[in-house]
Amino acid sequence: MVARRTPESAGLYVAVRVRPGAGRDRVGGRYDGPHGAALVIAVGAPAVDGKATEAVRRALAGALGVRPAAVTLKLGATSRDKVFTVITDGDEVRTRMITLRDGNGPA
């Protein structure tokens, strides 16, 4: 389900593995989880009252170079394994996500 175009919009599904309570925010790495190959995002926010999910949404938007409003949670509100929808009209966002996840060169 990772980095697949959504049928209803010009966007992508991005599977994410969350590491809340980290010492610093960090986007990068791969985790093979229940939604397929996922991008690992570590955030300093605790996993309480949606704080980590919101921090991940903003970190994902920043790493992909899109506005935070273009990133919405699709699955996994209370799970470390989440799927976000990223609204975009270009392939550069998909390429950037794959680079961050798989480490295939500069982002």
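Everything numeric here is computed off the predicted structure, so don't read it as measured data.
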For this session: Might you point out which heavy atoms bring Val86 and Val14 nearest each other, and give the distance in Å?
Result: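 Heavy atoms of Val86 and Val14 come nearest at CG2-CG2, 3.9 Å.
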
Considering only heavy atoms from C-beta outward, does the side chain of [X] approach that of [Y] to under 4.5 Å?
X: Arg80; Y: Pro20; result: yes
X: Val93; Y: Leu12; result: yes
X: Leu75; Y: Lys82; result: no

For this session: Check step by step if side chain to side chain contact (heavy atoms under 4.5 Å, CB included) holds for Val18 and Val56.
Result: CA-CA 7 Å; Val18 178; Val56 167; 3.7 Å; yes

Exercise. Quick one: do Tyr31 and Phe84 end up in the same hydrophobic cluster if we chain Ile, Leu, Val, Met, Phe, Trp and Tyr together by side-chain heavy atoms under 4.5 Å apart?
Worked result: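 Hydrophobic grouping puts Tyr31 apart from Phe84.
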
Exercise. Any side chain to side chain donor-acceptor pair (under 3.5 Å) pairs touching residues 17-28, not counting sequence neighbours?
Worked result: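 For residues 17-28, and leaving out neighbouring residues, the side chain to side chain donor-acceptor pair (under 3.5 Å) pairs sorted by first residue read Arg17-Asp81.
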
Exercise. To which residues is Val48 joined in a hydrophobic cluster, defined by side-chain heavy-atom contacts under 4.5 Å among Ile, Leu, Val, Met, Phe, Trp and Tyr, whether direct or through other members?
Worked result: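 Reading the cluster by chain and number, Val48 sits alone, since nothing else belongs.
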
For this session: List for me each residue that meets side chain to side chain contact (heavy atoms under 4.5 Å, CB included) alongside Asp32, sequence neighbours excluded, and say none if there are none.
Result: Arg30, Ala37

Please set out all donor-acceptor pairs under 3.5 angstrom arising from side-chain atoms of residues 57-66, sequence neighbours excluded.
unit_1 : atom_1 : unit_2 : atom_2 : d
Arg57  : NE     : Glu54  : OE1    : 3.0
Arg57  : NH1    : Pro68  : O      : 2.4
Arg57  : NH1    : Val71  : O      : 3.4
Arg57  : NH2    : Glu54  : OE1    : 3.4
Arg57  : NH2    : Glu54  : OE2    : 2.8
Arg58  : NE     : Glu54  : OE2    : 2.8

For this session: Using atom types as modelled and distance alone, determine if a side-chain donor or acceptor of Lys74 lies under 3.5 Å from a backbone N or O of Thr85.
Result: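 Side chain of Lys74 to backbone of Thr85: no pair is present.
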
